[in-house]
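Heads up: the structure comes next, in structure tokens.
FYI, the numbering just counts along the sequence from 1.
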Amino acid sequence: MTIKIDPIKDLAYAREFMAMPIGRHSPNLQRILRFMRREPASEKPWLLTLERGQKWALVRLGGPGEERVVSLNKIYTDEREAERDVFVQRWRKLTGQDLNEALSK
């Protein structure tokens, strides 16, 4: 059985993450997070800590012929906002759905 994200059935777990991106998550949200994290490192956005507990940069790992870490030109000072943004980007890549739009309905 292939595990994947269902953009309709799993929307409730996306809401859960957006409400509490840091902390304990339900088993179904953990399933989604594990799926997102197993993507190749160079194909997904990451948060790079610039100042511990204070500042994070949105990056991706570089591919052949690129810098080791490629900046995506976004800096955060709120860790929860940063985590939410990464989740939204990974959701879009894996489902083709704009999560913010889906959550606003």
Side-chain angles (χ1 to χ4, degrees):
M1 180 172 116
T2 302
I3 297 173
K4 63 179 191 170
I5 300 172
D6 182 312
I8 296 169
K9 292 180 183 176
D10 290 332
L11 196 56
Y13 308 114
R15 285 184 201 286
E16 175 188 343
F17 184 86
M18 298 305 273
M20 191 178 71
I22 299 170
R24 296 185 73 114
H25 298 115
S26 70
N28 281 316
L29 177 51
Q30 290 177 36
R31 169 186 53 84
I32 291 167
L33 293 171
R34 279 192 303 274
F35 183 76
M36 288 179 166
R37 291 171 181 153
R38 77 176 196 195
E39 287 286 299
S42 63
E43 295 181 16
K44 62 186 173 190
W46 290 84
L47 293 174
L48 175 66
T49 301
L50 299 176
E51 294 175 31
R52 188 176 179 165
Q54 300 293 317
K55 192 187 260 186
W56 299 264
L58 185 65
V59 300
R60 70 172 173 76
L61 298 182
E66 292 183 302
E67 294 291 324
R68 198 170 160 93
V69 175
V70 178
S71 172
L72 299 178
N73 298 317
K74 188 142 187 194
I75 304 294
Y76 303 91
T77 55
D78 181 322
E79 186 177 14
R80 286 171 176 76
E81 176 190 350
E83 293 289 347
R84 286 181 187 112
D85 197 25
V86 168
F87 186 89
V88 166
Q89 289 186 40
R90 290 181 181 180
W91 182 277
R92 181 180 303 119
K93 180 180 183 297
L94 295 168
T95 68
Q97 180 186 57
D98 181 320
L99 181 58
N100 290 322
E101 185 179 303
L103 292 173
S104 69
K105 294 180 182 176

Identify the heavy atoms of K44 and R60 that sit nearest to each other, and give their distance.
O-CB, 3.7 Å

Heavy atoms only: give me the nearest E39-E43 pair and the separation to one decimal.
OE1-OE1, 4.1 Å

Begin with the C-alpha distance, continue with both residues' side-chain angles, and end with the deciding distance and a verdict on side chain to side chain contact (heavy atoms under 4.5 Å, CB included) for N100 and M18.
CA-CA 10 Å; N100 290 322; M18 298 305 273; 4.1 Å; yes

Is there a side chain to side chain contact (heavy atoms under 4.5 Å, CB included) between L58 and Q89? Walk through the geometry before answering.
CA-CA 11 Å; L58 185 65; Q89 289 186 40; 3.2 Å; yes

Has R80 got a side-chain atom pairing as donor or acceptor with P21's backbone, closer than 3.5 angstrom?
no

State whether the side chain of S26 and the backbone N or O of L29 hold a donor-acceptor pair below 3.5 Å, judged by distance alone.
yes

dist T49:OG1 -> E79:CD (nearest 0.5 Å) comes out at 7.5 Å

R92 side chain to L99 backbone, donor-acceptor under 3.5 Å:
no

Nearest heavy-atom pair of G62 and V70: which atoms, and what distance?
CA-CG2, 3.8 Å

Of all the heavy-atom pairs spanning R15 and K105, show the shortest one and how long it is.
NH2-O, 4.2 Å

Hey, does the side chain of H25 reach the backbone of R31 with a donor-acceptor pair shorter than 3.5 angstrom?
no

Begin from the C-alpha positions of I5 and M36 and carry the test side chain to side chain contact (heavy atoms under 4.5 Å, CB included) through to its verdict.
CA-CA 9 Å; I5 300 172; M36 288 179 166; 4.0 Å; yes

Hydrophobic cluster membership, L103 vs L94, 4.5 Å side-chain cutoff
yes

Might you confirm whether atom CD1 of I22 has over 12 heavy atoms from other residues, nucleotides or ligands at distances under 6.0 Å?
yes

Could you see if L50 belongs to whatever hydrophobic cluster contains Y76? Use Ile, Leu, Val, Met, Phe, Trp, Tyr and a side-chain cutoff under 4.5 Å.
no

For D85 and E81, indicate whether the former's side chain and the latter's backbone hold a donor-acceptor pair under 3.5 Å.
no

Would you say V88 ends up clustered with I32 if hydrophobic residues are merged whenever their side chains have heavy atoms under 4.5 Å apart, either directly or through other cluster members?
yes

In this structure, would Y13 and W91 fall into the same cluster of hydrophobic residues linked by side-chain contacts under 4.5 Å?
yes

So with a 6.0 Å cut-off around CD of E67, is the heavy-atom count from everything else above 12?
no

Would you name the heavy atoms of I75 and A57 that are closest together and state the gap between them?
CD1-CB, 3.7 Å

Heavy atoms of P45 and L72 approach each other most closely as CB-CD1, 4.2 Å

W46 ring centre to R37 NZ or CZ under 6.0 Å, with the angle to the axis within 45°?
no

Are L47 and V69 co-members of a hydrophobic cluster defined by side-chain heavy atoms under 4.5 Å apart?
no

